[in-house]
Amino acid sequence: MSAENVNAGQPQHFINDPADESTPWVLPSPRRVGIICLILTETALFSIFVVAYLFYIGRSLNGPFPADVLHLPVFASVCLIGSSFTIMAAEFALKKANHALFNLWWGITMLLGIIFIVYTGLEWHELIYEKNLTIRTNVFGSTFYSLVGLHASHVIVGLFLLGSVLVSSFRGKLHHDHHEHVEVISWYWHFVDAVWIVVLGVVYILSVHMDAPLMP
Amino acid sequence: MNPHAPGANPAADIDLQPVAPGSERGSLVALIQDLVFTVDHKKLGLMYFGSGLLFFVVAGIMAALMRYQLAIPNHGFLEPDVFNRLFTMHGTAMVFLVGMPMIFAFANYLIPLMIGARDMAFPRLNAFGFWIFLFSGILLFFSYIAGPGLYDAGSAPDVGWFAYSPLTARAFSRGHSTDYWTISILLGGIGSIATSINILVTIFCYRCKGMTLGRMPLLVWLYIVVAFLVVIALPPLSACQIMLLLDRFLDAKFFDTQAGGDAVLWQHFFWIFGHPEVYILILPGFAIASEVIPVFSRKPIFGYPVMVAASVMIAFISLGVWAHHMFAVGMTSFGNTFFAISTFLVAIPTGIKIFNWLGTMYGGKIRLRPPMLFCIAFLFQFLIAGLTGVMLAVAPFNWQLTDSYFVVAHFHYVLIGGLLFTIFAGVYYWYPKCTGRMLDEKLGLWHFWLFTIGFHLTFFPQHIAGFLGMPRRYYTYDAGRGWDEWNLISSIGVVIQAAGILFFVYNLLHSYFKGAKAGDDPWDAWTLEWATTSPPAEYNFEKPQVVRSRRPLWDLKHPDDPDWKYE
């Protein structure tokens, strides 16, 4: 049945029905919707740990307290937040089909992520072995390690995703029509960065400057 | 020589007739192999249903044991610790191993068919979701064997289905019972989230041509809301399970009150999940009712856009009502007022829905077949459940009746009278589509009447026992407190419910082999799943569907008077 026949004798506003052959039928991309849902559910997960951290500010009965042991991780934060921009540069290069530039920016992104993880490892080592703060020391330790650890584990997952793209790029399997795959991974990476900004504000700035409970 | 004799013509002996997979009922081994390897949404849907039914029977037997213990005062049938395990396992299993798989059973089977898709968006993720759910269920029940651990100090979980802290602390829950509980729920949550993401992507990205959001069947719309709620509300549950695991295994201090931790925080986190969970379970019931009631009233659904808006509103409000489970904890009066008012608000969209279903039935040519009977019973029972819900939202009233049998009666009216009845309606409605055979009508009527009578006999008296002060979770009680006869009636009702379930299960098996052939569209229905064969082939539809209205099959059957002229 042609579109003309279907529309014969119909009022004007039915002519552009989505069911008509002449009307294109466009649906959102499953990858994008999928990653948005994943980010949504991860946001819900992180918010509970953030709330737990906020709730327990100033409730530890014994030290060490945040102000005693935490210092602002300026370099690591610059690396991680900067990697959000380098990954955008890599995406842009892929859209232009410039593979060498893509590999460069993508590699830099990974390197920045690795620097961040190494920094976290060193920080934890110092906290555990020199400052005597473990997950069982006090509620600060429990909430700190669970929140920062949850974030760090997401960075590690992100590094595996980034690495898999770099490997397939080196093997020549990455084409510029894969930009959507890459885009989806970059959205995840941006999300991990955004979570870090929240963690930075809550853990390294807010809790360091507060000693009374935040919530009643 | 007979050319058709065996051996005369070797080529003729080879069966060249192509056989569509799934169209024949093969041997048991082949069936099991098929089920283990499959990623087909229809088979996974049926597997969800089958395992949900199995856990339902097990958890139902647990309930029956508890009712036998409570039938008479000072009954010595069960020890208190056994009773604690039974109500914990009954609650946990009914919510996570019966409710969740049942709603995913309908989602899996129906959504791709209703939107004219080939399968779910991520079929392997779908299979993963099912198998991790089944594993979590087995893990939970395995606690009966492995819960004692090395020091023989535990068994199955006995901390109640919401596992309030500090009951779950190492000091009070020795052995591995709580570990099994928490890991099982953590895993089940991962499966539910995966399946829900799958549902959302399927609905948004795989609708057939012309199936705009406004033309989707209401069931599909409601599952968008359900899947969204799962995606938002399950992670808090996972988060508090992670905290509990850290507390138990790494000696973290989240819920350790002696180290500055807070036991009430567990309650908040659990109910931030727990209340949306109620809507995650009941909205699929609404979804089924919204499909069955129009078809059996011979009228399109009344107020389609309002129904969608009301569902979205329910989901939205449900995220802000959790602490009405905690009025007795001692919150500020601002907290009490806020959560009481937000809970009252839920009654508005729910009322809209009930009136729309009534509006659909009003003036319709109602066919009182089993699916419709269950839906009508659902309307009455859900109304009662909603009214007791509003009563419990009044904070001072709640202080009187918190943790009493009134609460038990209320949520069983929601989950059995609401969800289970619509699941039965859905089974009677879609069984012909899944198997190609009708469920026996006479057995269906026996099932309906026995189960309805048994259900009210069991749970209505519990309202009164609750008013008279009977607390939930007590393993026995003294005679002469006014609770005796109500408990006896309640326990008698269980026998009648069990008889109804026997009829149901027998009907499922009997009709699979002996039921009348159903044909493609036995109910003269209007949604796309009835446009294909019963059971549908693995590819669902022979050719891509095109949809012009909310009732595509009506348009097909009535080309002279199609719906799209009026929508």
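These numbers come from a predicted model, not from an experiment. Lettering follows sequence order; numbering is per chain, from 1.
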Salt bridge (Lys or Arg N to Asp or Glu O under 4.0 Å) between A/R32 and A/E183, worked out: CA-CA 9 Å; A/R32 288 185 187 151; A/E183 183 186 316; 3.0 Å; yes
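- Looking at B/F269, only its side chain comes within 4.5 Å of chain A, counting heavy atoms on both sides.
- Side chains of A/L133 and A/Y145 form a contact here, defined as non-hydrogen atoms less than 4.5 Å apart.
- By the 30° and 60° cut-offs, the orientation of the rings of B/Y164 relative to B/W271 is perpendicular.
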Go through the steps to decide whether B/K253 and B/D262 satisfy the test salt bridge (Lys or Arg N to Asp or Glu O under 4.0 Å), and finish with yes or no. CA-CA 9 Å; B/K253 308 293 182 208; B/D262 195 328; over 6 Å; no
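- Of the listed residues A/L45, A/V26, A/L27, the one with more heavy-atom pairs under 4.5 angstrom with chain B than any other is A/L27.
- Heavy atoms closer than 4.5 Å to chain A are found in both the backbone and the side chain of B/Y206.
- With a threshold of 4.5 angstrom between heavy atoms, B/L246 approaches chain A through side-chain atoms but not through N, CA, C or O.
- Contact of A/S29 with chain B is made through the backbone alone, with heavy-atom distances under 4.5 Å.
- Residue contact with chain A, scored on non-hydrogen atoms closer than 4.5 Å, involves the side chain of B/I242 exclusively.
- In this model, no donor atom of one side chain and acceptor atom of the other lie less than 3.5 Å apart for B/T195 and B/S192.
- Proximity to chain A is limited to the backbone of B/A259, based on heavy atoms less than 4.5 angstrom apart.
- No other option in A/S47, A/A52, A/S60, A/G141 has as many heavy-atom pairs under 4.5 Å with chain B as A/A52.
- Taking the ring centroids of A/F55 and A/Y53, they lie at or beyond the 6.0 Å cut-off.
- Scanning both residues, A/S83 and A/D193, for their nearest heavy atoms gives OG-OD2, 3.7 Å.
- For A/L38, the parts lying under 4.5 angstrom from a heavy atom of chain B are both the backbone and the side chain.
- Looking at B/L265, the atoms closer than 4.5 Å to chain A (heavy atoms on both sides) all sit in the side chain, from C-beta outward.
- The aromatic ring centroids of B/W322 and B/F339 lie less than 6.0 Å from each other.
- Residue with the most contacts toward chain A among B/C240, B/C208, B/A233, B/S238: B/C208 (heavy-atom pairs, distance under 4.5 Å).
- Residue B/V546 touches chain A through its side chain alone, counting heavy-atom pairs closer than 4.5 Å.
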